[in-house]
Amino acid sequence: MAWEGRFPVTQPFLWHLRHDPAVDRINQSILGERYETSTRGAAKTALSPIRSGIPALLASALLMLSGCAFTTGHVDLAYQPTTQAAKLAAADSPRVSVTVMDKRPTQVVGQKINGFGMKTADIVSNTDVPGTLKSAFETELNSRGFTDGTGGDVVLVSLNNFENQFTLGFFSGDSTATIGMQVTVKRPDGTVVYDKYVTGQSKDWIEVAREGNAEHQLNAAMQDGVSKVFGDSAFIDSLKKS
């Protein structure tokens, strides 16, 4: 197979690599093995090392993207509060309590991929995800002058999605984290005064599809989602009125 004739690199070229049986033989060579090369018009095969620098370059790029792809990844979530938030609560604003319900279909927050874009291992959180989100809401409420406590309004957060996804490019890829949550404010008598589905996202390019990149984007996505809630004047107004 003439690798040299396949350049310049195009999307059809990348698609062909993922569906070409020869890729399996290249992958074996990464592990220090030798692969079989079939020659046109010949009935026999011979063992030979990769002689072209192009497959070696490809293999290096794929390994760089993969990282330690086959071991479970762990992330530590930490919310970064908004700086210099204005005091918005009135003197007679009711107390506020926060409840977070975890309705995610899985506790996995992401998956590693190898150099061919195949999922190889889960990424899980060492930190309690609903607890981190609850703390984020409480921190932002306190910074705006609202008082924690029962017997007042209830901010009910239903966490439906929180996940990072890696996508593959040629020499680099993307890490995209998203969060989705239903945010509801209820009065002590159960009356709903605010109800909205909020999403947050963070995306950046990466060189290695590893848990450290996922952790950064997950933290940023949570911050983005919470910021959108507290940036909504209707949400703040629902808490200021008794």
Worksheet item: Does D224 reach the main-chain N or O of A220 with its side chain, forming a donor-acceptor pair under 3.5 Å?
Response: no
Worksheet item: Counting distance only, does the side-chain N/O of Q217 pair as donor-acceptor with the main-chain N or O of A177 below 3.5 Å?
Response: no
Discussion item. Is there a path of hydrophobic side-chain contacts, each under 4.5 Å between heavy atoms, that joins V124 and V75?
Written reply: no
Discussion item. Same cluster or not: I179 versus V98, using hydrophobic residues (I, L, V, M, F, W, Y) connected whenever any side-chain heavy atoms lie under 4.5 Å apart?
Written reply: yes
Item to complete: Would you indicate whether the side-chain heavy atoms of T106 and E163 approach each other to under 4.5 Å?
Response: no
Worksheet entry | Any I113 side-chain heavy atom under 4.5 Å of K119 side chain | yes
Practice prompt. Decide yes or no on side chain to side chain donor-acceptor pair (under 3.5 Å) for D189 and T191, but give the supporting numbers first.
Written response: CA-CA 6 Å; D189 63 0; T191 303; 2.9 Å; yes
Worksheet item: Is it true that a side-chain atom of S135 and a backbone atom of T132 form a donor plus acceptor pair closer than 3.5 Å?
Response: no
Fill in: Distance-minimising heavy-atom pair for M181 and V229
CE-CG2, 4.1 Å
Worksheet, complete the sentence: On a heavy-atom basis, the closest approach of L239 and P94 is O-CD, 3.4 Å
Practice prompt. May I ask whether V193 and L141 are part of the same hydrophobic cluster, defined by side-chain heavy atoms of I, L, V, M, F, W, Y residues being less than 4.5 angstrom apart, directly or through others?
Written response: yes
Practice prompt. Would you name the heavy atoms of D174 and W205 that are closest together and state the gap between them?
Written response: OD1-CA, 3.6 Å
Practice prompt. Indicate the atoms forming the closest heavy-atom contact of R95 with T150, along with that distance.
Written response: CD-O, 3.9 Å
Worksheet, complete the sentence: In terms of heavy-atom contacts, G117 and L168 come closest through N-CD2, 3.5 Å
Worksheet item: Mind checking whether Y194 and F235 have parallel, tilted or perpendicular rings, split at 30° and 60°?
Response: perpendicular
Discussion item. As an exercise, state the distance from CG of L156 to OG of S97, rounded to the nearest 0.5 Å.
Written reply: 9.5 Å
Response to the item:
T139 and P81 have their tightest heavy-atom pair at CG2-CB, 3.7 Å
Practice prompt. For side-chain contact (heavy atoms from CB on, under 4.5 Å), just list the numbers for D237 and K240, CA-CA rounded to whole Å, side-chain angles, deciding distance to a tenth of an Å, and then say yes or no.
Written response: CA-CA 5 Å; D237 288 343; K240 292 167 65 176; 4.1 Å; yes
Practice prompt. For side chain to side chain donor-acceptor pair (under 3.5 Å), just list the numbers for T176 and Q165, CA-CA rounded to whole Å, side-chain angles, deciding distance to a tenth of an Å, and then say yes or no.
Written response: CA-CA 5 Å; T176 305; Q165 289 187 336; over 6 Å; no
Discussion item. With a sphere of 6.0 Å drawn around CD of Q182, does it hold more than 12 non-hydrogen atoms of other residues, nucleotides or ligands?
Written reply: yes
Item to complete: Could you tell me whether the side chain of V183 reaches within less than 4.5 Å of the side chain of K196, counting heavy atoms only?
Response: no
Discussion item. Does K186, at its NZ atom, have more than 12 non-hydrogen atoms belonging to other residues, nucleotides or ligands within less than 6.0 Å?
Written reply: no
Item to complete: Treat each ILVMFWY residue as a node, draw an edge where side-chain heavy atoms are under 4.5 Å apart, and state whether V226 and V198 are in one component.
Response: yes
Item to complete: For residues V129 and V100, determine if any side-chain heavy atom of one lies less than 4.5 Å from a side-chain heavy atom of the other.
Response: no
Worksheet item: Same hydrophobic cluster for L159 and F230, using side-chain heavy-atom links shorter than 4.5 Å among ILVMFWY?
Response: yes
Discussion item. Within the 4.5 Å heavy-atom criterion, are T71 and K112 side-chain neighbours or not?
Written reply: yes
Discussion item. Counting C-beta onward and ignoring hydrogens, is there a side-chain heavy-atom pair between I123 and F166 closer than 4.5 Å?
Written reply: yes
Discussion item. Return the CD to CG distance between E138 and L133, rounded to the nearest 0.5 Å.
Written reply: 10.0 Å
Worksheet item: Are any non-hydrogen side-chain atoms of L77 and F162 less than 4.5 angstrom apart?
Response: yes
Worksheet, complete the sentence: Output for pair (S202 OG, H216 NE2), nearest 0.5 Å, gives 5.5 Å
Discussion item. For the backbone of A78 and the side chain of N219, can you confirm whether one donor and one acceptor N or O come within less than 3.5 Å of each other?
Written reply: yes
Worksheet entry | Atom pair OG1 (T72) and CD (Q111), whose distance is rounded to the nearest 0.5 Å | 10.5 Å
Fill in: Gap separating the CG atom of D153 from the OG1 atom of T184, nearest 0.5 angstrom
12.5 Å
Discussion item. Distance check, rounded to the nearest 0.5 Å: S158 atom OG versus D195 atom CG?
Written reply: 10.0 Å
Worksheet item: With a 4.5 Å heavy-atom cut-off, do V157 and K134 have their side chains touching?
Response: no
